[in-house]
Amino acid sequence: MKDAFLVDAVRSPIGSFGGSLAPVRADDLAAHVLRELIKRHPSLDPSALDDVILGCANQAGEDNRNVGRMAALLAGLPVDVPGATINRLCGSSLDAVGSAARAIMAGQADLLIAGGVESMSRAPFV
């Protein structure tokens, strides 16, 4: 079994409900983080990415699409790099990282981006 390694971490600022990040859609926020991650590694060919896996618990309203895929496209990653979204409620981001690690350990992938994104300010209030 192969080893999986966490190479780098990037995060967005933490906002407050209805605060300064409220106008930013979740996929746009994640795209900003993905662009920064790629910028930190200029020797990395983004087409070498096997997948982008993001956790997002709020799969309602504008987040009802595949946030992982949309963020990858908005970040300017090649269109042939797939993206997936995992919804495990509060454990979504951790499960995304675990899924990426398992894919590498099982030999199904070599290079993935995994994390999570959420915007409770933009979530439908139900």
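For the single chain, residues carry numbers from 1 onward in sequence order.
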V97 versus A114, closest heavy-atom pair with distance: CA-CB, 3.7 Å
When you measure from the side chain of N66 to the backbone N and O of G83, does any donor-acceptor pair fall under 3.5 Å? yes
Ignoring hydrogens, what is the shortest heavy-atom contact between L77 and P46? Give both atom names and the distance. CD2-CB, 4.0 Å
Interatomic spacing from CG in L94 to OG in S99 - rounded to 0.5 Å: 9.5 Å
Can you list, by chain and residue number, the hydrophobic cluster partners of M105 when the side-chain cut-off is 4.5 Å? M1
Donor-acceptor under 3.5 Å (D50 side chain, D110 main chain): yes
Judged by atom type as modelled, is there a donor-acceptor pair below 3.5 Å linking the side chain of D45 to the main-chain atoms of S47? yes
L29 vs S119, test: side-chain contact (heavy atoms from CB on, under 4.5 Å). Steps then yes/no. CA-CA 9 Å; L29 188 61; S119 176; 5.7 Å; no
Using every non-hydrogen atom in the two residues, find where A75 and L34 come nearest and quote the distance to one decimal. CB-CB, 3.7 Å
Scanning both residues in full, the closest heavy-atom pair of S121 with S16 reads OG-O, 3.8 Å
Measuring from atom CD of E36 to atom OG of S12, what distance do you get when rounded to the nearest 0.5 angstrom? 12.0 Å
Connected-component partners of M120 among ILVMFWY, side-chain separation under 4.5 Å: F17
Distance col, row D95:CG vs L89:CG, nearest 0.5 angstrom, shows 11.0 Å
Criterion side-chain contact (heavy atoms from CB on, under 4.5 Å) on I113 and V81, from CA distance to verdict: CA-CA 11 Å; I113 294 177; V81 174; over 6 Å; no
Would you indicate whether R88, at its atom CZ, is surrounded by more than 12 heavy atoms from other residues, nucleotides or ligands within a distance under 6.0 Å? no
Going through the distances and angles, do D27 and V117 end up as a side-chain contact (heavy atoms from CB on, under 4.5 Å)? CA-CA 8 Å; D27 54 356; V117 65; over 6 Å; no
How far apart are the closest heavy atoms of V67 and C56, and which atoms are they? CG2-SG, 4.2 Å
CD1 of I86 to CD1 of I53, rounded to nearest 0.5 Å, is 5.5 Å
Same cluster for L112 and L73 if Ile/Leu/Val/Met/Phe/Trp/Tyr side chains link at under 4.5 Å? no
For R69 and V79 the tightest heavy-atom approach is NH2-O, 3.0 Å
L74 backbone acceptor or donor facing R35 side chain under 3.5 Å: yes
Could you grab the distance from atom SG of C90 to atom CD of E118, nearest 0.5 Å is fine? 9.0 Å
Please assess N87 against T85 for the test side-chain contact (heavy atoms from CB on, under 4.5 Å), listing each intermediate value before the final yes or no. CA-CA 7 Å; N87 182 345; T85 304; 5.8 Å; no
Does one hydrophobic cluster hold both V52 and V33, with members joined at side-chain heavy-atom distances below 4.5 Å? yes
